[in-house]
Amino acid sequence: MIVIILWVLLSLVLAAVISFISLRQLLLSRKKKLHKSSDNNINVGIFHPYCNAGGGGERVLWCAVKALQEKYPNSKVIIYTGDIDASPSSILQKAKNVFNISVDSDNVKFVFLKQRHWIEAKNYPHFTLLGQSIGSMVLGLEALCKFPPDIFIDTMGYAFTFPLFRYLAQARVGCYVHYPVISMDMLKRVQQRQMSHNNKKYVARNPFLTWTKLAYYRLFSKMYKWVGCCAETIMVNSSWTENHILQLWDVPFKTHRVYPPCEVGHLKKLQHTGKSDEFIILSVGQFRPEKDHPLQLQAIYELRTLLANDEALWSRIKLVIAGSCRNDEDYERLKNMQDLSKHLSLENNVQFKVNVPYEDLLKLYQTANIGIHTMWNEHFGIGIVECMAAGLIMVAHRSGGPLLDIVETSEGSQNGFLATDAVEYADNILNIIVNNAEMNGIRSAARASVERFSEREFEKNFLRAISELFTNA
Ligand SMILES: *[C@@H]1O[C@H](CO)[C@@H](O)[C@H](O)[C@H]1NC(C)=O
Ligand SMILES: *[C@@H]1O[C@H](CO)[C@@H](O)[C@H](O)[C@H]1NC(C)=O
């Protein structure tokens, strides 16, 4: 009996090894053929299955493609995408329209992948992480067979594709990580049996399920580390992501922080047009609970307490909350906020603006003096960067991205203010209003500092991080 089982196992291993070797031979010879047509160019494959989505991740993609084309004109960029219903020209046109980025269409090739359904979360109600990861290997294999590249760069975080490209196609591998798929926080939450969106009540209550889930997460993070370390260069989009990736993968010498490109050029040119006797505090953000709009109202309430003896100044201060509502819950939150502002008798000093068009937002930037941000532990905070570019003095939450990446409060290089509770927000706001004349230094420091998040800076740091992939590629 045992002999038979051993035999079966042995032949399975043998079959796996043989298919691995033959697939590899096939891919390598195909890779060689792809080079014959032109002399010694380098094929850079970029894995971005949703390249036609038009979000922040796609801005990174197109800026990266443009930077690659400028630096390495003899290389060819291949984009692996699952947008099979879009044509190459329509995808490039969209990049132009949405991001104002023109890439050279002669030097880009699209490889269309039919197996994208393998990575959709909705297909994996249980064991989503593992399901999507294995799914991404299937999709990666399709990409690999259709076009084995010399250099492989993943820009969407599908780390399980790295070993395929590295070991089957002998490609050099790099990646840009927006978000780790698992985090130590997730593990901790399961361990402490807290409920959350990825830890359901029945799991948190049941010790056996908790143990199983913990074992699953631990095993998964080990695998995630192994596949992640197949990359030779790892770019992360912020300090937050960097900290998590360092905890998980622990390869500091390969990890580079490369901020994603933000569009700030036109904001930096805006001129202030507000009235000089009016102080407008602007809050920009969706009406989502984590944005913590109530804290903004409390801060204004505290500000009024501070100004109890200066009714005249108080009447010249206004908080403008501009936000978008996506659904009924957002509208309900908006309604609650309006009620709260009445309850605190702030309605004369608080104004709500819902779903303002971009043109109007630009006008708001021009009339406002101060920007307020209250979300706790935001991973980055692009809204803060935009306010600073537009010339607002920012008071942001002392946590997450604002603290780690954006706002500098030390003397000499100060570009804004940080606060934690309503009283501290009010103190800072009053300080800005009273010492208005002294704020010009901070304002120009803020406008200069957002250059760190510009397209130019992204291209420079991106090219530096991937340069080693091109040596001996
Ligand atoms: C688009 O990009 C070009 C060059 O990169 C620049 O000159 C132009 O001002 C940009 N247009 C907008 C609307 O930002
Ligand atoms: C990094 O990516 C995550 C996930 O998309 C996002 O929440 C965060 O704001 C990004 N950071 C920057 C600097 O854009």
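For ligands, and for the atoms within them, numbers begin at 1 and follow the listed sequence. Note that the structure is predicted; figures quoted are calculated from it, not measured.
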Taking a 3.5 Å cut-off between nitrogen or oxygen atoms, can you list every pair linking ligand 2 to the protein, with distances?
residue: ligand 2; atom: 2 (O); partner: H178; partner atom: O; Å: 3.0
residue: ligand 2; atom: 2 (O); partner: N237; partner atom: ND2; Å: 2.4
residue: ligand 2; atom: 11 (N); partner: N237; partner atom: ND2; Å: 2.8

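- Neither side chain, N336 nor R333, offers a donor N or O lying under 3.5 Å from an acceptor on the other.
- S238 and D405 form no side-chain donor-acceptor contact under 3.5 Å, judged by distance and modelled atom types alone.
- Residue pairs that meet the side-chain hydrogen bond (donor to acceptor under 3.5 Å, both in side chains) test with at least one member in residues 155-164, sequence neighbours left out, are H48-T155.
- Other residues, nucleotides and ligands contribute more than 12 heavy atoms inside 6.0 Å of the OH atom of Y72.
- A donor-acceptor contact closer than 3.5 angstrom links the side chains of Q296 and T374.
- Looking only at distances, a side-chain donor or acceptor of R452 sits under 3.5 Å from a matching main-chain atom of I406.
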